[in-house]
*Asks:* 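Got a structure for you, questions after.
Computation of the quantities below employed the complete heavy-atom set of this structure, encompassing side-chain atoms and omitting hydrogens, waters and symmetry-equivalent molecules.
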Amino acid sequence: MLSSKIIEWYHQNKRNLPWRETSNPYFIWLSEVILQQTRVDQGLEYYLRFIEAYPTVFDLAGAHQEEVLRNWQGLGYYSRARNLHAAAQYIANELNGNFPSTFTELKKMKGVGDYTAAAISSIAFGEKKAVVDGNVYRVLSRLFEIDTPINSNKGIKKFSNLADSLIDNKRPGDYNQAMMELGATICKPKKPLCPECPLAAECQSLKNQTQQNYPVKINKTKVRDRYFNYLVVENESKIFFQKRPQKGIWAGLFEFPLIETDKVVEDFQLLVKNLPDWIKPKDIAIGIPSSKIHLLSHQRINARFWPIDLAKVDNQTRINFFTEDEIEQLPKHQLIVNYLNDNPIFKT
DNA sequence: GAGGCGTGGAG
DNA sequence: TCTCCAAGCCT
């Protein structure tokens with residue numbers, strides 16, 4: 001039996017990870033959301049931080065969104081943090097703290113889709129729901145040499161049905177974790193460790209040496225160029241920060257005033273006509289700009305930072321100027337964090 | 001339902 | 001330097 005083989009392998013080879021030491025569905029949920037599209041190595045410290053800062057779903061529900069985002073800083077896909085917060089409030093306020101315990105109920109939480117609902121329901125509650133994540137796609141497509149693209153409707157259905165047909169009836173949670181662990185540590189995208197694989201005897205792609213052909217994917221996202229001009233405006237040892245819109249990239253995070261252009265700007269004079277109204281050209285002194293390319297999965301941000309010394313600030317605008325310590329507490333995206341690390345603005 | 005949404009590690 | 005891509009979800 002295939003499921004017995006990998007479950008046995010799992011019990012002997014699984015990594016010791018903190019979310020495997022608990023049956024608390026709240027903790028398991030946190031780990032699953034943190035690990036969406038994220039490697040264990042990267043997510044681990046965030047998991048430890050979140051269970052420390054928010055030991056219960058009520059603690060998370062009662063936190064300020066800005067603080068949750070600050071704790072999420074650097075992990076990416078920030079809608080996960082906002083959805084996590086909203087779902088915690090949903091559980092605390094509408095479900096009286098009773099954590100949803102079935103696939104169907106779990107899916108009503110923001111940020112919980114098919115994968116995460118199946119993971120939580122099987123691992124925390126023993127429900128017989130097979131997970132299909134990137135690992136499972138890879139393992140199954142290689143095992144049976146399945147050519148159907150994993151990101152087509154047909155493929156999603158096919159792999160879902162296949163995973164369900166293989167699930168262990170008595171230990172669905174272990175089966176799911178075993179499949180993912182196998183994909184993460186043995187059946188890796190590149191250089192799979194086939195000699196160590198518990199399924200080597202029945203793997204079609206090992207037999208035919210076609211591992212690198214699987215899984216099959218379509219629709220590769222192409223990267224688009226964007227040109228961001230950030231105004232690093234200083235006044236009396238404070239820097240102006242503003243919050244990004246609640247939609248789009250880096251939603252709700254703080255950054256410097258931004259002027260987006262359709263190409264690289266070399267001369268500051270080209271930006272003058274687009275300055276925010278609280279920056280009067282007569283009141284400013286421009287420093288030496290610096291450039292940085294920030295790569296995202298779907299965009300290449302060509303960033304240019306323009307240091308600006310602003311002589312006069314009205315009271316209305318003053319509230320957007322922050323001290324070094326205040327800036328440390330603001331949730332910021334990585335482009336801004338990197339800039340601040342590379343360019344100490346505040347001399348000690 | 002195709003595209004938007006981050007970051008960093010591996011090769 | 002460049003490409004791929006990692007325990008996906010939402011619109």
*Asks:* Determine the contact category for A:Gln299: base if any of its heavy atoms lies under 4.0 Å from a base atom, sugar-phosphate if only primed atoms, P, OP1 or OP2 are that close, otherwise nothing.
*Replies:*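 Sugar-phosphate only.
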*Asks:* Contact class for A:Gly183 (heavy atom, under 4.0 Å): base, sugar-phosphate, or nothing?
*Replies:*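 No contact.
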*Asks:* Would you indicate what A:Arg20 reaches in the nucleic acid, counting non-hydrogen atoms under 4.0 angstrom: base, sugar-phosphate, or nothing?
*Replies:*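 The residue A:Arg20 makes base contact.
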*Asks:* From CZ of A:Phe159 over to C1' of C:dG8, roughly how many Å is that when rounded to an integer?
*Replies:*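 Nearest whole value for this atom pair: 17 Å.
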*Asks:* So which nucleotide from B:dG6, C:dC5, C:dG8 ends up closest to the side chain of A:Lys217?
*Replies:*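 In terms of side-chain proximity for A:Lys217, the closest of B:dG6, C:dC5, C:dG8 is C:dC5.
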*Asks:* Can you tell me if A:Trp250 touches the phosphate of B:dT7, counting only side-chain N or O atoms and a distance under 4.0 Å to OP1 or OP2?
*Replies:*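 Yes, within the criterion.
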*Asks:* Check A:Gln65, A:His64, A:Glu328 against A:Arg70 for a side-chain hydrogen bond (donor to acceptor under 3.5 Å, both in side chains) and give me the one that passes.
*Replies:*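 Exactly one option meets the side-chain hydrogen bond (donor to acceptor under 3.5 Å, both in side chains) with A:Arg70, and it is A:Glu328.
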*Asks:* At under 4.0 Å between heavy atoms, what does A:Leu296 touch on the DNA or RNA strands: base, sugar-phosphate, or nothing?
*Replies:*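 It contacts base atoms.
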*Asks:* Could you check how far CZ of A:Arg224 sits from P of B:dG3, rounded to whole Å?
*Replies:*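 It is 13 Å, rounded to the nearest whole Å.
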*Asks:* Rounded to whole Å, how long is the line connecting atom CG of A:Leu75 with atom P of B:dG9?
*Replies:*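 Spelled out: CG on A:Leu75 to P on B:dG9 is 12 Å.
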*Asks:* Could you tell me the separation between the CG atom of A:Leu69 and the C1' atom of B:dC5, rounded to a whole number of Å?
*Replies:*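 From A:Leu69 CG to B:dC5 C1': 14 Å.
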*Asks:* Report yes if at least one side-chain N or O of A:Arg138 is closer than 4.0 Å to OP1 or OP2 of C:dA6; otherwise report no.
*Replies:*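 Yes, A:Arg138 has a side-chain N/O under 4.0 Å of OP1/OP2 on C:dA6.
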*Asks:* For A:Leu295 and for A:Glu32, locate the closest nucleotide of DNA chain C by heavy-atom distance; then report the residue assigned to the nucleotide nearer the 5' terminus.
*Replies:*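 Result: A:Leu295.
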*Asks:* Look at the side-chain N and O atoms of A:Gln42 and state whether any lies under 4.0 Å from the OP1 or OP2 oxygen of C:dA6.
*Replies:*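 No, because none of the side-chain N or O atoms of A:Gln42 sits under 4.0 Å from OP1 or OP2 of C:dA6.
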*Asks:* Identify, between A:Arg300 and A:Gln37, the residue whose nearest nucleotide on DNA chain C lies closer to the 5' end.
*Replies:*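 Looking at DNA chain C, the more 5' nearest nucleotide goes with A:Arg300.
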*Asks:* Rounded to the nearest angstrom, tell me the gap between atom CG in A:Leu335 and atom P in B:dG6.
*Replies:*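 The distance from CG of A:Leu335 to P of B:dG6 comes to 13 Å, rounded to the nearest Å.
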*Asks:* When the ring centroid of A:Phe256 is compared with that of A:Phe241, is the distance short of 6.0 Å?
*Replies:*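 So the answer is yes for these two rings.
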*Asks:* If you compare all heavy atoms of A:Phe144 against all heavy atoms of A:Leu166, which two are closest, and at what distance to 0.1 Å?
*Replies:*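 Minimum heavy-atom contact is CE1-CD1, 4.2 Å.
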*Asks:* What heavy-atom pair brings A:Trp306 and A:Asp267 nearest, and what distance separates the two atoms?
*Replies:*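 Nearest heavy atoms, A:Trp306 then A:Asp267: CH2-C, 4.2 Å.
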*Asks:* Using atom P in both nucleotides, what's the gap between B:dG8 and C:dC9 to the nearest angstrom?
*Replies:*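 Those two atoms are separated by 22 Å.
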*Asks:* Please determine whether the number of non-hydrogen atoms from other residues, nucleotides or ligands lying under 6.0 Å from atom CD1 of A:Ile319 exceeds 12.
*Replies:*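 Atom CD1 in A:Ile319 is crowded, with more than 12 foreign heavy atoms closer than 6.0 Å.
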*Asks:* I need the minimum non-hydrogen distance between A:Ser3 and A:Tyr175, along with the two atoms involved.
*Replies:*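 Nearest heavy atoms, A:Ser3 then A:Tyr175: CB-CD1, 3.9 Å.
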*Asks:* Just to verify, which of A:Arg138, A:Gln204, A:Glu145 counts as forming a side chain to side chain contact (heavy atoms under 4.5 Å, CB included) with A:Tyr214?
*Replies:*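 Only match with A:Tyr214 under side chain to side chain contact (heavy atoms under 4.5 Å, CB included): A:Glu145.
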*Asks:* Between the protein and nucleotides 9-11 of chain C, which nitrogen or oxygen pairs come in under 3.5 angstrom?
*Replies:*
| residue | atom | partner | partner atom | Å |
| --- | --- | --- | --- | --- |
| C:dC9 | OP1 | A:Gly113 | N | 2.8 |
| C:dC9 | OP1 | A:Thr116 | N | 3.0 |
| C:dC9 | OP1 | A:Thr116 | OG1 | 2.6 |
| C:dC9 | OP2 | A:Tyr115 | N | 3.3 |
| C:dC10 | OP1 | A:Gly111 | N | 2.5 |

*Asks:* Which part of the nucleic acid, if any, lies within contact of A:Trp19, taking any heavy atom under 4.0 Å across all strands shown: a base, the sugar-phosphate backbone alone, or nothing?
*Replies:*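 Base, at least one base atom sits under 4.0 Å.
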*Asks:* OP1 or OP2 of C:dA6 versus the side-chain N and O atoms of A:Tyr137: is any pair under 4.0 Å?
*Replies:*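 So the side chain of A:Tyr137 is outside the cut-off, no N or O lying under 4.0 Å from OP1 or OP2 of C:dA6.
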*Asks:* Rounded to the Å, how far apart are A:Arg39 CZ and B:dT7 P?
*Replies:*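 Going from CZ in A:Arg39 over to P in B:dT7 covers 15 Å.
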*Asks:* Please tell me if A:His294 has a side-chain N or O lying less than 4.0 Å from either OP1 or OP2 of B:dT7.
*Replies:*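 Answer yes for this pair, as a side-chain N or O of A:His294 is under 4.0 Å from OP1 or OP2.
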*Asks:* Taking only the side-chain nitrogens and oxygens of A:His298, find out if one of them lies under 4.0 Å from OP1 or OP2 of B:dC5.
*Replies:*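 So the side chain of A:His298 is within the cut-off, an N or O lying under 4.0 Å from OP1 or OP2 of B:dC5.
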*Asks:* As a quick check of understanding, evaluate ring pair (Phe, Tyr, Trp, His ring centres under 6.0 Å) for A:Tyr78 and A:Trp250, giving each step before the final call.
*Replies:* CA-CA 7 Å; A:Tyr78 297 92; A:Trp250 297 321; 8.1 Å; no
*Asks:* Identify whether any heavy atom of A:Gly43 sits under 4.0 Å from a base atom; if not, whether one sits that close to sugar-phosphate; answer base, sugar-phosphate or nothing.
*Replies:*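 Nothing, no nucleic acid heavy atom in range.
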*Asks:* Just how far, in rounded Å, is P of C:dG8 from CG of A:Asn151?
*Replies:*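 For the pair A:Asn151 CG and C:dG8 P, the rounded distance is 14 Å.
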*Asks:* 5'-most contact on DNA chain B: A:Lys188 or A:Tyr77, nearest heavy atom basis?
*Replies:*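 Its nucleotide being nearer the 5' end, the pick is A:Tyr77.
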*Asks:* Between A:Lys191 and A:Ser79, who's closer to the 5' end of DNA chain B by nearest nucleotide?
*Replies:*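 So the residue in question is A:Ser79.
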*Asks:* Rounded to whole angstroms, how far apart are CD1 on A:Ile218 and P on C:dC5?
*Replies:*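 It is 14 Å, rounded to the nearest whole Å.
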*Asks:* Classify the nucleic acid contact of A:Asn153 as base, sugar-phosphate or nothing, counting any heavy atom under 4.0 Å across all strands shown.
*Replies:*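 Sugar-phosphate contact only.
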*Asks:* Dump the intermediate steps for side-chain contact (heavy atoms from CB on, under 4.5 Å) on A:Gln211 and A:Cys194, then the final yes or no.
*Replies:* CA-CA 9 Å; A:Gln211 299 97 320; A:Cys194 299; 3.3 Å; yes
*Asks:* Reckon A:Arg226 touches a base, only the sugar-phosphate, or nothing at all at heavy-atom distances under 4.0 Å?
*Replies:*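 Contact class for A:Arg226: none.
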